[in-house]
Student: 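My questions will all concern the structure given below.
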Protein chains: 2
Amino acid sequence: MTKLSLVYQDLKQKIDENVYHTDELLPSESKLSALYGASRDTIRKALERLRNEGYIQSQKGRGSVVINHQQYVFPVSGVISYKELMGRLSLSSVTHLEDQQQVTLPDCFKTLDPHMKSDKAYTRLVRQRVVNDEPVIIDIDYVDPKIVPSISKEVAENSLYEYFEHDLHLHIAYAKKEITVEPATALDQKLLDLPDGSMVAVVRSVTSLDDTSTFQYTESRHRADRFRFQEFARRS
Amino acid sequence: MTKLSLVYQDLKQKIDENVYHTDELLPSESKLSALYGASRDTIRKALERLRNEGYIQSQKGRGSVVINHQQYVFPVSGVISYKELMGRLSLSSVTHLEDQQQVTLPDCFKTLDPHMKSDKAYTRLVRQRVVNDEPVIIDIDYVDPKIVPSISKEVAENSLYEYFEHDLHLHIAYAKKEITVEPATALDQKLLDLPDGSMVAVVRSVTSLDDTSTFQYTESRHRADRFRFQEFARRS
DNA sequence: GAGTGGTCTAGACCACCAT
DNA sequence: TGGTGGTCTAGACCACTCC
């Protein structure tokens with residue numbers, strides 16, 4: 001753990017637990033510097049992260065104010081696994097692996113990754129996510145078999161990311177995402193229990209590692225009436 | 001212009017114009033430092049911005065690689081005005097002011113701002129956005145009249161943000177946003193030319209100033225078939 | 001005038017990559 | 001082994017807010 005992350009984590013936790021509450025000023029940067037035994041620069045880097053995530057707003061000559069930040073709903077941005085998200089939201093859910101086979105990539109990822117290879121073989125997983133006995137999401141993943149040679153049913157029904165990072169020691173770095181609204185397919189209707197003519201919200205992502213190699217394409221199909229994405233953004 | 005933004009802007013432009021192309025390494029931090037006459041720390045801050053926006057990926061011991069970053073489509077995050085966006089996409093569009101009156105806030109913003117005042121008067125604008133002779137978005141804005149006393153038809157049909165920042169000297173700082181998919185209302189059907197039973201993608205935002213005061217609530221209603229949001233995200 | 005955050009600098013040490 | 005990015009420090013000056 002770096003000193004930076006320690007300061008960042010601690011401040012975030014204290015804001016979450018209302019040790020510092022909304023509309024209040026944090027201690028000044030020099031006070032935090034003394035408190036944590038870190039240089040002002042290190043403190044400032046921690047504060048910058050909190051600013052970017054919507055925890056605080058800094059004002060020249062005054063200090064850093066705690067913002068009434070959102071309870072998490074479903075973040076658009078953030079490269080986070082379904083399992084991690086369920087944990088943060090304190091929800092429990094069940095995942096069913098519906099299908100696994102070798103295929104080539106569908107064209108629907110072309111807008112996200114114009115240079116994708118459409119002749120290369122990928123491992124395709126179809127998983128259904130059930131919350132409170134209701135199916136709400138279908139995840140269709142395409143994983144590069146050169147990087148991830150095999151995926152067991154247990155892994156698929158628990159967490160791909162845990163497996164990738166913990167067991168395979170892959171360093172997931174970033175993703176490009178896209179949200180659209182589309183007519184439900186026959187598969188959607190079957191697995192999400194939808195009537196004919198329904199719409200679904202589709203989140204497609206292309207995920208890359210540290211070394212910029214793209215290794216996973218995901219299509220996440222949500223029941224439209226359960227879809228709610230939230231986001232914090234700063235004016236640049 | 002600070003030195004930091006100069007370096008950042010220049011590097012960004014050079015990546016956009018393929019002076020540095022995809023999968024290539026940027027000059028090292030110490031070389032950039034010499035090139036721009038700036039300290040390594042200033043260079044690093046500029047590179048960090050580029051990392052966060054999906055322009056580069058840095059690798060310890062190697063350097064910073066240019067990532068094949070996305071052509072802009074429609075960013076989810078980012079506090080950006082419709083006019084600015086049309087400029088970036090090189091699209092031209094026409095805005096019609098459909099209605100303006102004093103009202104109280106509707107409840108639909110409660111999930112974004114639980115502490116909103118539902119008894120306070122706001123200026124409500126209804127605007128229709130037309131691209132290529134087709135209506136694609138309805139924007140419904142609620143603006144705090146204590147901060148923005150009046151809005152002319154010219155301003156409403158050009159750009160609210162230009163007016164807020166340029167003329168009123170307001171410092172727009174951040175926004176919370178939410179995306180949902182909802183049935184089209186009668187107004188949607190009329191202004192977006194939609195058949196009965198259609199769905200629309202709705203982006204609601206709550207926008208705040210420098211001093212953390214909330215001054216604008218926006219409901220942006222998109223034709224579902226024209227809705228495509230893109231986003232870059234990093235694993236934290 | 002005292003205190004605050006914003007910008008910028010110069011220097012140090014480390015872990016990692018390439019050769 | 002030399003060069004790279006990652007972390008951390010100490011100090012300087014500025015613009016701003018608040019009293």
Side-chain angles (χ1 to χ4, degrees), chain A residues 1-11 15 20 23-52 54-67 169-171 173-174 209-213 234-236, chain B residues 1-11 15 20 23-52 55-67 169-171 173-174 208-213 234-236:
Chain A
M1 218 40 156
T2 63
K3 203 175 264 194
L4 200 175
S5 344
L6 280 173
V7 175
Y8 161 76
Q9 299 280 0
D10 192 65
L11 287 174
I15 294 173
Y20 302 124
D23 294 337
E24 238 183 37
L25 289 174
L26 289 185
S28 72
E29 293 179 353
S30 56
K31 277 175 194 153
L32 289 172
S33 177
L35 266 173
Y36 288 101
S39 71
R40 187 179 160 217
D41 207 56
T42 301
I43 298 295
R44 279 186 60 75
K45 279 171 188 153
L47 294 180
E48 202 197 359
R49 281 208 212 167
L50 294 172
R51 266 194 298 278
N52 287 336
Y55 278 86
I56 60 171
Q57 169 71 19
S58 300
Q59 289 162 293
K60 205 189 286 188
R62 264 201 79 212
S64 291
V65 189
V66 176
I67 290 177
H169 303 290
L170 298 179
H171 300 290
Y174 58 90
L209 302 176
D210 244 7
D211 64 0
T212 75
S213 61
R234 290 203 159 270
R235 177 104 172 129
S236 54
Chain B
M1 222 32 159
T2 63
K3 204 176 263 193
L4 199 174
S5 351
L6 280 173
V7 174
Y8 161 77
Q9 300 279 0
D10 192 63
L11 287 174
I15 294 173
Y20 301 124
D23 294 335
E24 238 184 39
L25 290 173
L26 290 185
S28 72
E29 294 178 352
S30 57
K31 276 176 195 153
L32 289 173
S33 175
L35 266 173
Y36 288 103
S39 70
R40 186 178 161 219
D41 206 58
T42 301
I43 299 295
R44 280 187 59 75
K45 279 172 188 153
L47 293 180
E48 203 196 359
R49 281 207 211 169
L50 295 171
R51 266 195 298 278
N52 288 335
Y55 279 87
I56 61 173
Q57 170 71 19
S58 300
Q59 289 162 297
K60 206 190 284 190
R62 255 198 22 116
S64 291
V65 189
V66 176
I67 290 177
H169 304 291
L170 298 179
H171 301 290
Y174 58 90
S208 302
L209 302 177
D210 241 9
D211 62 1
T212 75
S213 60
R234 289 202 161 269
R235 175 104 173 127
S236 53

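Because only heavy atoms are used, hydrogens play no part in the values below, and waters and symmetry mates are left out as well, while side chains stay in. Below, read A as the first sequence line, B as the second, and so on, with proteins coming before strands; counting in each chain starts at 1.
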Student: Using whole Å, what does the distance between atom P of nucleotide D/dC16 and atom CD of A/Gln59 come to?
Tutor: 14 Å
Student: For A/Leu25 and D/dT17, give me the distance from atom CG to atom P, rounded to whole Å.
Tutor: 14 Å
Student: Using the side chain to side chain donor-acceptor pair (under 3.5 Å) criterion, which residues pair with B/Glu24? Sequence neighbours excluded.
Tutor: B/His21
Student: Looking only at heavy atoms, what is the nearest atom pair of A/Val66 and A/Tyr20, with distance?
Tutor: CG2-CB, 4.0 Å
Student: Working to the nearest 0.5 Å, report the span between NZ of A/Lys3 and CD1 of A/Ile43.
Tutor: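 Reported to 0.5 Å precision, the distance equals 9.0 Å.
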Student: Only one of B/Arg44, B/Lys60, B/Lys45 passes salt bridge (Lys or Arg N to Asp or Glu O under 4.0 Å) with B/Glu29; say which it is.
Tutor: B/Arg44
Student: What's the CD-P distance between A/Gln57 and D/dT17, to the nearest Å?
Tutor: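 Nearest whole value for this atom pair: 13 Å.
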Student: For B/Ile56 and D/dG6, give me the distance from atom CD1 to atom C1', rounded to whole Å.
Tutor: 13 Å
Student: Any side-chain N or O of A/Arg44 below 4.0 angstrom from OP1/OP2 of C/dG5?
Tutor: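 No, A/Arg44 has no side-chain N/O under 4.0 Å of OP1/OP2 on C/dG5.
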Student: Considering only side-chain heavy atoms of A/Ser30, which listed nucleotide, D/dT4, C/dT4, D/dG5, is closest?
Tutor: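 For the A/Ser30 side chain, the nearest candidate turns out to be C/dT4.
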Student: Would you kindly give the NE2-to-C1' distance between A/His171 and D/dG6, to the nearest whole Å?
Tutor: 15 Å
Student: May I have the distance from B/Tyr8 (atom OH) to C/dC8 (atom P), rounded to whole angstrom?
Tutor: 15 Å
Student: Does the side chain of B/Leu26 reach to within under 4.5 Å of the side chain of B/Leu47, using non-hydrogen atoms?
Tutor: yes
Student: C/dG5 phosphate, OP1 or OP2: any side-chain N/O from A/Ser58 under 4.0 angstrom?
Tutor: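 For C/dG5, OP1/OP2 do not have a side-chain N/O of A/Ser58 under 4.0 Å.
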Student: Hey, is the side chain of A/Lys31 poking within less than 4.0 Å of OP1 or OP2 on C/dT4, counting only N and O atoms?
Tutor: yes
Student: Could you give the CG-to-C1' distance, from B/Leu26 to D/dT4, as a whole number of Å?
Tutor: 13 Å
Student: For B/Ser30 and B/Arg40, does a side-chain donor sit closer than 3.5 Å to a side-chain acceptor?
Tutor: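 No, B/Arg40 and B/Ser30 have no side-chain donor paired with an acceptor closer than 3.5 Å.
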Student: Indicate yes or no: at least one non-hydrogen side-chain atom of A/Gln57 is less than 4.5 angstrom from one of A/Arg234.
Tutor: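 Yes, side chains in contact.
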Student: Roughly, in whole Å, what's the span from CZ in A/Arg49 to C1' in D/dG6?
Tutor: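 So the two atoms are 12 Å apart, to the nearest Å.
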Student: Give one of base, sugar-phosphate or nothing for B/Leu4, where a contact means two heavy atoms less than 4.0 Å apart.
Tutor: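 Result for B/Leu4 = sugar-phosphate.
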Student: What does nucleotides 9-19 of chain C look like as a protein-contact string, B for base, S for sugar-phosphate only, - for none, at under 4.0 angstrom between heavy atoms?
Tutor: B--B--BBBS-
